[in-house]
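Letters go in sequence order (proteins before strands), and every chain restarts at 1.
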Number of protein chains: 2
Amino acid sequence: MDHEEASRRLLDAAEQLYYARGIQSVGMDEVRDTAGVSLARLYRLFPSKQHLVAAYLRRRDERWRASLARYVSERAVEHGADRRGRLLSVFDWLAEWFREPDFRGCAFANAFGELGAGSGPVADAVREHKALVRRYLVELADDPPRADSTEIADQLLLLLEGATTTAAITGSPDPARTARAAAAALLAAKPA
Amino acid sequence: MDHEEASRRLLDAAEQLYYARGIQSVGMDEVRDTAGVSLARLYRLFPSKQHLVAAYLRRRDERWRASLARYVSERAVEHGADRRGRLLSVFDWLAEWFREPDFRGCAFANAFGELGAGSGPVADAVREHKALVRRYLVELADDPPRADSTEIADQLLLLLEGATTTAAITGSPDPARTARAAAAALLAAKPA
DNA sequence: AGAGGCGCAGAACGACCGTTCTGCATTGCG
DNA sequence: CGCAATGCAGAACGGTCGTTCTGCGCCTCT
């Protein structure tokens with residue numbers, strides 16, 4: 001097992017365990033056991049638990065955004081979607097995510113809520129994720145370019161965030177539908 | 001010190017410590033020290049940590065909703081506000097809350113994200129809080145009565161939730177302004 | 001063969017956690 | 001006064017945590 005494989009296994013284990021059960025309640029022993037990688041190597045690859053958590057979140061951010069972008073892009077091709085169609089398909093993707101059996105809300109908000117603003121690399125990873133998602137929404141809203149892209153993107157970001165938390169707490173995917181309807185109304189309020 | 005006073009001190013301490021630092025990282029010893037109440041009495045009043053957390057959240061829910069309702073009501077009197085004005089003043093209240101020095105996001109979502117859906121009395125308290133806030137928004141939206149009150153209330157609830165989390169993560173009160181503008185647009189999209 | 005380097009499993013360390021226990025002090029009553 | 005009841009501070013218990021250490025096995029090289 002080379003370092004890349006060990007790292008991948010550790011991040012898989014971290015993702016599975018921390019997302020399902022929170023961060024502080026999962027010890028490094030359990031990450032080791034789940035990953036099948038020794039503690040010594042774990043600490044060689046990630047100098048502390050905070051580093052491991054931040055790394056898992058950064059990898060998750062990439063995968064999450066890539067999954068969303070792929071979906072929006074494919075739907076745009078299938079349906080010849082315009083700006084509105086592309087922005088609304090974000091919420092269709094949300095609906096699918098909320099229905100996944102291991103859905104447990106936003107890993108980034110959960111980690112931030114658990115560990116707080118002073119949690120160094122973890123808080124940084126969370127903030128960067130949110131900034132990148134916002135940027136993606138601005139890009140979608142700005143195609144074709146318009147003066148209100150940032151404003152609408154910010155509003156849709158709040159709907160996305162609120163729907164994710166609400167879906168986790170209520171255990172229902174309905175907030176995706178609610179958010180989509182709100183997004184449609186907001187887009188309709190600002191025609192081209 | 002009677003039981004009521006001890007209970008109040010314990011809930012004050014719990015609120016201060018758990019909201020600021022998360023739940024698992026604050027031991028019962030520290031709650032005891034902060035409250036100035038013995039561990040024996042603490043356990044007599046709250047049989048377990050979960051009970052204490054749930055009790056603090058339930059008290060916080062009452063205070064939070066009361067503060068919001070008072071603000072909305074006072075603003076309605078001051079400005080002769082109609083349905084739209086009352087619903088929008090929810091977001092004005094949010095803006096003030098986000099500016100408080102100890103603001104750290106939604107205590108309910110944070111606790112849920114940290115402890116998970118299986119956390120018994122805590123998860124129950126979180127779900128009930130969300131349901132009560134939703135009901136309050138439905139009441140605001142239904143005055144005067146309309147067929148779309150639940151729909152608009154659900155949409156505003158997502159904005160409220162998304163703004164709270166985003167404000168905590170970004171450390172900025174701006175999401176309240178963004179949410180208010182979105183709420184205004186949603187209300188304008190459905191005139192009387 | 002022997003020596004050195006590397007990596008492992010899991011023990012060890014010190015800290016913290018949730019909860020219960022214990023020696024002691026205080027209070028109230030007869 | 002003596003006795004019983006009550007409550008306290010904080011020790012104790014058993015468990016878990018993050019991190020480092022140690023004895024051992026394996027591999028490579030001379």
Side-chain angles (χ1 to χ4, degrees), chain A residues 1-57 110-111 113-116 118-123 125, chain B residues 1-57 110-111 113-116 118-123 125:
Chain A
M1 196 191 323
D2 60 14
H3 273 19
E4 208 169 295
E5 171 72 5
S7 191
R8 185 191 63 72
R9 281 164 165 258
L10 286 167
L11 292 176
D12 287 347
E15 176 123 39
Q16 180 193 331
L17 294 168
Y18 295 144
Y19 183 59
R21 301 194 354 228
I23 291 159
Q24 285 171 104
S25 57
V26 176
M28 299 298 258
D29 272 358
E30 199 165 356
V31 175
R32 174 201 60 195
D33 292 340
T34 304
V37 175
S38 76
L39 223 31
R41 181 175 277 200
L42 189 161
Y43 279 104
R44 201 173 323 127
L45 291 167
F46 303 101
S48 71
K49 183 166 177 169
Q50 290 256 353
H51 287 87
L52 176 63
V53 174
Y56 127 69
L57 288 175
N110 290 348
E114 180 176 352
L115 302 178
S119 46
V122 174
Chain B
M1 196 190 324
D2 61 13
H3 274 17
E4 207 170 295
E5 171 70 5
S7 190
R8 184 190 62 73
R9 283 166 166 258
L10 287 167
L11 292 176
D12 286 348
E15 176 123 37
Q16 179 193 333
L17 294 167
Y18 295 144
Y19 184 59
R21 301 190 359 224
I23 291 161
Q24 284 171 105
S25 56
V26 176
M28 298 299 258
D29 273 357
E30 199 165 355
V31 176
R32 175 201 58 198
D33 290 340
T34 303
V37 175
S38 77
L39 224 31
R41 182 175 277 202
L42 189 163
Y43 279 104
R44 200 169 328 124
L45 292 167
F46 304 100
S48 70
K49 183 165 177 170
Q50 290 256 352
H51 286 88
L52 176 63
V53 173
Y56 128 69
L57 288 176
N110 290 347
E114 179 175 353
L115 302 178
S119 46
V122 174

Checklist outcome for this item: Between the OH atom in A/Tyr18 and the CG atom in A/Leu57, the distance rounded to the nearest 0.5 Å is 10.0 Å
Next on the checklist: Strictly below 4.0 Å, N to O, side chains only: are B/Arg9 and B/Glu5 in salt-bridge contact?
Outcome noted: yes
Next on the checklist: Considering only residues two or more places apart or on different chains, which pairs with a residue in residues 31-48 of chain A satisfy salt bridge (Lys or Arg N to Asp or Glu O under 4.0 Å)?
Outcome noted: A/Asp29-A/Arg32
Checklist entry - Which atom pair, heavy atoms only, marks the closest approach of B/Pro121 to B/Ala54? => result O-CB, 3.6 Å
Checklist entry - How long is the gap from CD on B/Glu114 to CG on A/Leu115, to the nearest 0.5 Å? => result 8.0 Å
Checklist outcome for this item: Per atom distances to the B/Tyr43 side chain, the nearest of C/dT19, C/dG10, D/dT19 is C/dT19
Checklist entry - Could you give the CG-to-P distance, from A/Leu10 to D/dT19, as a whole number of Å? => result 14 Å
Checklist entry - Separation of A/Met28 atom CE from C/dA11 atom C1', in whole Å? => result 17 Å
Next on the checklist: Using whole Å, what does the distance between atom P of nucleotide C/dT19 and atom CG of B/Leu45 come to?
Outcome noted: 14 Å
Next on the checklist: Just the rounded figure in Å: distance from P of C/dT20 to CG of B/Leu42.
Outcome noted: 12 Å
Checklist entry - If you take all heavy atoms of B/Ala111 and B/Ile23, which pair is closest and at what distance? => result CB-CD1, 3.6 Å
Item to check | Stepwise side-chain contact (heavy atoms from CB on, under 4.5 Å) check, B/Leu52 with B/Leu11 | outcome: CA-CA 7 Å; B/Leu52 176 63; B/Leu11 292 176; 4.1 Å; yes
Which pairs, protein N/O on one side and nucleotides 5-8 of chain D N/O on the other, fall under 3.5 Å?
from: D/dC8; atom 1: OP2; to: B/Ser38; atom 2: OG; distance (Å): 3.0

Item to check | 5' priority, DNA chain C, between A/Leu39 and B/Leu39 [closest heavy atom] | outcome: A/Leu39
Checklist entry - Taking CZ from A/Arg32 and P from C/dG7, how many angstroms apart are they, rounded to a whole number? => result 18 Å
Checklist entry - For DNA chain D, what residues of residues 16-27 of chain B have any heavy atom nearer than 4.0 Å? => result none
Item to check | Interatomic distance, A/Asp29 CG vs C/dC13 P [rounded to whole Å] | outcome: 16 Å
Checklist entry - Which is it for A/Ser48 and A/His51 under the side-chain contact (heavy atoms from CB on, under 4.5 Å) test, yes or no, and what are the steps along the way? => result CA-CA 5 Å; A/Ser48 71; A/His51 287 87; 2.7 Å; yes
Item to check | Rounded distance in Å - CD (B/Gln50) to P (C/dC17) | outcome: 16 Å
Next on the checklist: Between P on C/dC16 and CG on B/Asp33, what's the gap in Å once rounded to a whole number?
Outcome noted: 13 Å
Checklist entry - Once you round to the nearest 0.5 Å, how far does NE2 of A/His3 lie from CG of A/Leu10? => result 10.5 Å
